[in-house]
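What you see below is based on every heavy atom in this structure, not just the backbone, and it leaves out hydrogens, waters and symmetry mates. Convention: sequence-line order gives letters A, B, ...; per-chain numbering from 1.
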Amino acid sequence: MKFNKEHVDTLSSARAGTIETAHGDIKTPIFMPVGTVGSVKGIHMKELNEDIKAQIILGNTYHLYLRPGTGILEQAGGLHKFNGWGKPILTDSGGYQVYSLSENRKLNEEGVVFRSHIDGSKHTFTPENVMDIQRKIGADIIMAFDECTPFPCDYKYAENSMKLTHKWLDRCIQQFENTECPYGYEQNLFPIVQGSVYADLRKQSAEYIASKNANGYAIGGLSVGEPVEVMYELTELVCKYLPTESPRYLMGVGTPANILECISLGVDMFDCVMPTRNGRNGMLFTSEGIINIKNEKWKNDFSPIDSNGTSFVDPFYSKAYLRHLFVANEMLGPMIGSIHNLAFYLWLVGEARNKIIEGEFSKWKTIMVKRLQHRL
RNA sequence: GGGGAGAUACCAGAGCGGUCAAAUGGGACAGACUGUAAAUCUGUUGGCGCAGCCUUCGGAGGUUCGAAUCCUCCUCUCCCCA
């Protein structure tokens, strides 16, 4: 994998570049739609590709391991062939599930024992087998196994957790180097910075991770409930210690405004369930602000969802019609909401890239952030 | 014509002497959602000067310290038989 950093903003740390992978190039900054179980919920590959213009999507190790299982994925020839997405894929390691499914797991030095949320069966995840699973899934970018710390999190816990994540990283690297992709193309392992909300731990973690000479670096453990200002401060801090010549991935972020702010801090890659989950639940992100399409005020608004939108759904359906679909509990409503939001997110990062290249990013960002947060 | 059942908040429907401004669904309205256990979850849904008070359970009377709950009559609905 190669990262060509093409432009750097003069007034901020924003960068525009290209990541070259075995399944094609990714123009950064980029937003990656989340397809946990191998499916971006409610979205056809054709829409994802042609309409939303996604360049890379996510999958999840924990979920794909449980269902359909690595056996099926190997038989299929990897996730790309299984789900029909020929472009790059990134898989999360299950580190987020250590946090989100904390009720259903036991953590120790060796790894994590999960009690399956599907059938209650027990499954041990270690840095080694998480690498093996991600090899079999066959994603272009695979993530180190980490513990995403909760918020709030006391210093001692954060410190121990960070040290554990570092030890696990070394084991991940070891296993990664001793194995290869069963499908014959290149995979890349991204290490993850932890350290909760503590600046000294974050610095320590970033420096540790940066020493690993990886093809990309991720920032984890943020957007788990801490104030946004804290998230921005720590992202800024961590970016200072991560190599400038490699892509940086801020995991799980975020709102459109979060993304623009963090692009300006030097982040290149983002993923978040927000455009799909919130889109399914009737919350639309637009360049004019946020719409709750279920609200009564849209019932007789026959104007387009977004007349300047980039997806075919935007001028094609009216707000009144989309509201009707949600109120009537029609599955088309959540599908349109998801397509719109994803297309908007991809438009937003594409526009950010253009502005960086044009040297207009900082000015544009300031105006956009205000508009994006406005509630319509 | 004979016999039976019932009328409860926007709708359906519990409640069958006090702990009832009235369960539970649905609907309506609003909110939440950040590496997805989520087509999910939460709140509000008689009025007000709101830790209290006022007016509500088809209508009118009555019994009782106290009635959505018991009695009488009235109005209306549904079911069965002829």
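- The salt bridge (Lys or Arg N to Asp or Glu O under 4.0 Å) analysis of residues 33-46 of chain A, with sequence neighbours excluded, yields the pairs Lys46(A)-Glu50(A).
- Pairing for A23(B) is absent, judged as Watson-Crick or G-U wobble with the two contacts each under 3.5 Å.
- Under the Watson-Crick and G-U wobble criteria, each requiring two contacts below 3.5 Å, nucleotide A51(B) is left unpaired.
- For the side-chain contact (heavy atoms from CB on, under 4.5 Å) test, residues two or more places apart in sequence or in another chain that qualify with Gln55(A) are Ile26(A), Lys27(A), Ile30(A).
- Scored by the side chain to side chain donor-acceptor pair (under 3.5 Å) test, Thr276(A) finds no partners at all (sequence neighbours excluded).
- Regarding contacts with the backbone of A32(B), every side-chain N or O of Asn278(A) stays at 4.0 angstrom or more from both OP1 and OP2.
- Judged by distance alone, with hydrogens and angles left aside, Asp146(A) brings a side-chain donor or acceptor within reach of the base of G35(B), the pair sitting under 3.5 Å.
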Problem - Heavy-atom protein contacts under 4.0 Å, nucleotides 37-46 of chain B, coded B base, S sugar-phosphate only, - none - result: BBSB------
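- Partners of Lys2(A) according to the salt bridge (charged side-chain N to carboxylate O under 4.0 Å, His left out) rule, which considers only residues two or more places apart in sequence or in another chain, do not exist here.
- Considering only residues two or more places apart in sequence or on other chains, Phe344(A) meets the ring pair (Phe, Tyr, Trp, His ring centres under 6.0 Å) condition with Trp347(A).
- Near-neighbour residues of RNA chain B inside residues 255-271 of chain A, defined by a heavy atom below 4.0 Å, number-ordered: Thr255(A), Asn258(A), Asp271(A).
- Within residues 82-90 of chain A, no residue has a heavy atom under 4.0 Å from RNA chain B.
- Salt bridge annotation for Arg353(A)-Glu6(A): present, with a cationic side-chain nitrogen under 4.0 angstrom from a carboxylate oxygen.
- When the salt bridge (charged side-chain N to carboxylate O under 4.0 Å, His left out) test is applied to Arg248(A), no partner is found at least two apart in sequence or on another chain.
- Legend: salt bridge (Lys or Arg N to Asp or Glu O under 4.0 Å) pairs involving residues 322-342 of chain A, not counting sequence neighbours: none detected.
- Taking a pair to require two hydrogen-bonding distances under 3.5 Å in either a Watson-Crick or a G-U wobble arrangement, G43(B) pairs with C29(B).
- Partners of Lys203(A) under the salt bridge (charged side-chain N to carboxylate O under 4.0 Å, His left out) rule, at least two apart in sequence or in another chain, are Glu207(A).
- Taking Ile, Leu, Val, Met, Phe, Trp and Tyr as hydrophobic and joining them when side-chain heavy atoms fall under 4.5 Å apart, one finds Leu237(A) in a cluster with Tyr241(A).
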